[in-house]
Amino acid sequence: MPECPEVHLAGRFINRACGGLVFAGGVERSAVGRGPEVPFRSEAYRISAIARGKELRLTLSALDPAAAPPQDLVFRFGMSGSFRLCPAAELPRHAHLRFRTRESPPRALCFVDPRRFGSWRLGDAWQQERGPCVVSEYQAFRENVLKNLDDKAFDKPICEALLNQKYFNGIGNYLRAEILYRLKIPPFEKARTVLEAVKDQVQKRRKKDPSLRLSKKVKLMQKNPDLLELCHAVPMEVIMAEKHLFDPEHADNYANFKNWLQCYLVPGMSSLRDHNGRTIWFQGEPGPMAPTGQVPQKTPCKKRAQLKADPKALTPKVASRASKRCPRAAATPPKSDEKEEGEEEEASGPGKGHARRRRRVTPAPALPEPEVLLNTKRSRQRSARKGRGTVPAL
DNA sequence: CGTCCACGTCTAC
DNA sequence: TAGACCTGGACGG
């Protein structure tokens, strides 16, 4: 689950689980891994990690510094990357890079990445174009945004700007939805409009109480976080909830994570494809820059036996939140012949449990003769689906 | 079985 | 602004 919380937690996992381990030998790479061979070998070395946004840097350090210079590696996780520590004799599928311990029997720290969109590079350099980390470099992140509001990156809708790693290093698709939802900001409001308002608000606060004590300021911000503060606080919630969302016996982790989500994938919320073909989840108005020719999709609210709420699973703030209720039904009534409820939909059977997603319904547009257009063999090629769910333009 | 969808970048018309 | 890059799970017939 690689947005910045998962990357940071991967780093924490490595430091905790591997901090006391000694590794030995060379670094093994799978035949298909998306990264270079790692020219490092040592009969006794340690591994440490540090995260920045969606990147994770590993440092391999020989116990005897004279034996070999340290080797740095910077990973990106793509859509499916993760690190695991497992017996070297039972490597998981798609373990594209492996670091073996000196134990007997040996274990291996593995970079596992089924889809292979992730990669690694040699050296200690973070990717040049990525901005400060929303989690670990909050002040720099904030200033980088507010000082550059004239950048054309902010001409775009806020939901798209939030995925720009030059300004929002660490934010990904579920975080943008969760962040905007907390403030009920329409996802297709213009980014600059939203951020200028943040800037003005800061000025006002300053004028009003120029001598506020720091502690007061902190309280104020915690009570009334602005968008940029939430870009830090929301990922932090996930990181803090580590124990419950990502514990070793990951049996219920996914269920807990889904339970933490307030908007992304949540039944009753609306969704649209943004201009890059990514699904944005939101509630309420899409906003002025919404793509034309699409009807917001809505997963119907089923009568659901709520996700089995694990009462201790959530951070205090969220803990009291009523289990996910459907907001009032709204526009775009679902198709009349929709299969209603029926199954009790236990959120996730033990073991599996996955995004229970309603198949996207081809919207029935309130336009004459949509069928012709909609049914014209939309090419079934893999990526021909960006436009699915569209409505003939007017 | 087949289709759709996924927590992200990249580069090439 | 489309594809391309990939595997695998959910769901439908």
Side-chain angles (χ1 to χ4, degrees), chain A residues 1-10 30-35 51 53-56 74-83 92-96 112-121 126-131 134 156-157 159-160 162-166 168-179 234-235 238-239 245-246 253-254 257-258 260-261 263-266 271-281 291-293 297 299 339 342-343 345-349 351-362 377-390:
Chain A
M1 303 189 152
E3 294 183 26
C4 74
E6 293 77 21
V7 175
H8 276 252
L9 288 171
S30 81
V32 291
R34 280 289 202 256
K54 287 183 199 167
E55 293 185 302
L56 185 73
V74 175
F75 289 82
R76 275 173 302 125
F77 285 18
M79 293 285 264
S80 59
S82 65
F83 275 91
R93 277 167 67 75
H94 311 296
H96 301 305
V112 180
D113 182 16
R115 295 185 71 180
R116 279 184 272 149
F117 294 171
S119 64
W120 62 89
R121 297 181 333 243
W126 304 114
Q127 192 174 28
Q128 189 67 50
E129 312 79 58
R130 306 186 77 104
V134 294
K156 305 199 167 184
C159 72
E160 292 170 23
L162 282 170
L163 293 185
N164 184 337
Q165 304 296 300
K166 179 176 172 190
F168 298 91
N169 187 4
I171 302 300
N173 205 22
Y174 80 74
L175 283 171
R176 70 170 177 171
E178 295 299 310
I179 289 164
V234 173
V238 178
I239 291 174
L245 300 185
F246 301 95
N253 280 0
Y254 192 70
F257 176 69
K258 280 190 70 185
W260 173 84
L261 294 169
C263 180
Y264 183 79
L265 299 180
V266 171
S271 65
L272 281 173
R273 299 310 188 99
D274 70 15
H275 297 286
N276 299 310
R278 303 267 262 147
T279 303
I280 174 70
W281 291 76
T292 56
Q297 298 296 304
T299 49
K339 293 258 146 106
E343 336 80 6
E345 164 154 344
E346 197 59 65
S348 72
K352 31 184 65 160
H354 218 50
R356 177 173 259 26
R357 187 76 75 72
R358 163 148 307 246
R359 175 174 296 292
R360 196 119 297 167
V361 181
T362 305
K377 163 172 256 173
R378 41 189 193 225
S379 79
R380 307 149 340 75
Q381 315 209 348
R382 311 183 68 63
S383 27
R385 65 178 119 92
K386 268 194 186 170
R388 262 175 346 76
T390 59

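Below, chain A is the first sequence line, B the second, and so on; all start at residue 1. As a basis for the values below, the full set of heavy atoms in this structure was taken, side chains included, without hydrogen atoms, waters or symmetry mates. Computed from a predicted model, the values in this text were never measured in an experiment.
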Can you tell me how far C1' of B:dG8 sits from CD of A:E3, to the nearest Å? 9 Å
Can you measure A:Y264 atom OH to B:dG8 atom P for me and round it to whole angstrom units? 8 Å
Could you tell me how far apart A:Q127 (CD) and B:dG8 (P) are, to the nearest whole angstrom? 14 Å
Nearest whole angstrom, please: distance from the C1' of C:dA10 to the NZ of A:K258. 11 Å
Can you figure out which of B:dA6, C:dG8, B:dC7 approaches the side chain of A:P114 most closely? C:dG8
Can you list everything that forms a ring pair (Phe, Tyr, Trp, His ring centres under 6.0 Å) with A:F168? Sequence neighbours excluded, please. A:F141
Provide, to the nearest angstrom, the distance between the NE2 atom belonging to A:H8 and the P atom belonging to B:dC7. 20 Å
Hits for side chain to side chain donor-acceptor pair (under 3.5 Å) against A:H96, two or more places apart or cross-chain, chain-then-number order -> A:S30
Can you tell me which stems involve DNA chain B, if a stem is defined as three or more consecutive Watson-Crick or G-U wobble pairs, both distances under 3.5 Å? B:1-6 with C:7-12, B:8-12 with C:1-5
Can you tell me how far P in C:dG3 sits from the matching atom in B:dC4, rounded to whole Å? 16 Å
Non-neighbouring partners of A:R115 that pass side chain to side chain donor-acceptor pair (under 3.5 Å), sequence neighbours left out: none
For B:dA6 and A:T279 - does any side-chain N or O of the residue sit under 4.0 Å from the phosphate oxygens OP1/OP2? yes
At 4.0 Å (heavy atoms only), tell me whether A:E178 reaches a base, stays on the sugar-phosphate, or touches nothing. nothing
Is there a side-chain contact between A:H94 and the phosphate of C:dC6, meaning an N or O under 4.0 Å from OP1 or OP2? no
Write down the distance between CG (A:N173) and C1' (B:dA6), rounded to a whole number of angstrom. 9 Å
Rounding to an integer number of Å, can you tell me how far A:R273 CZ sits from C:dG3 C1'? 14 Å
Phosphate OP1/OP2 of B:dG8 contacted by A:R278 side-chain N/O (<4.0 Å): yes
In this structure, how many angstroms lie between the P atom of B:dC7 and the CG atom of A:N276, rounded? 13 Å
If you measure from the P atom in C:dG9 to the same atom in B:dT9, how many Å do you get, rounded? 23 Å
Report the nucleotide, chosen from B:dG8, B:dC7, C:dT7, that has the shortest atom-to-atom distance to any side-chain atom of A:K54. B:dG8
Scan A:R176 against the nucleic acid and name what it touches under 4.0 Å (heavy atoms): base, sugar-phosphate only, or nothing. nothing
Can you list the residues that meet the side chain to side chain donor-acceptor pair (under 3.5 Å) rule with A:N164, with sequence neighbours excluded? none
Closest of C:dC5, B:dC7, C:dG8 to the A:F117 side chain is C:dC5
Has the side chain of A:R116 got a donor or acceptor atom sitting under 3.5 Å from an opposite partner on the base of C:dC6? no
For the pair A:N173 (side chain) and A:T279 (backbone), establish whether a donor and an acceptor sit closer than 3.5 Å, ignoring hydrogens and angles. yes
Taking side chain to side chain donor-acceptor pair (under 3.5 Å) as the test, write out the residues that go with A:E178, two or more places apart. none
Taking B:dT11 as the reference, what is the distance to C:dT7 when you measure between their C1' atoms (whole Å, please)? 22 Å
Heavy-atom side-chain proximity of A:R176 to A:E3 below 4.5 angstrom: no
Grab the two heavy atoms, one from A:G131 and one from A:N169, that are nearest each other, plus how far apart they are. O-ND2, 2.9 Å
Measuring to OP1 and OP2 of B:dG8, would you say a side-chain N or O of A:Q165 lies under 4.0 angstrom away? no
So if I take every side-chain heavy atom of A:R34 and compare against C:dG8, C:dC5, B:dA6, which nucleotide ends up nearest? C:dC5
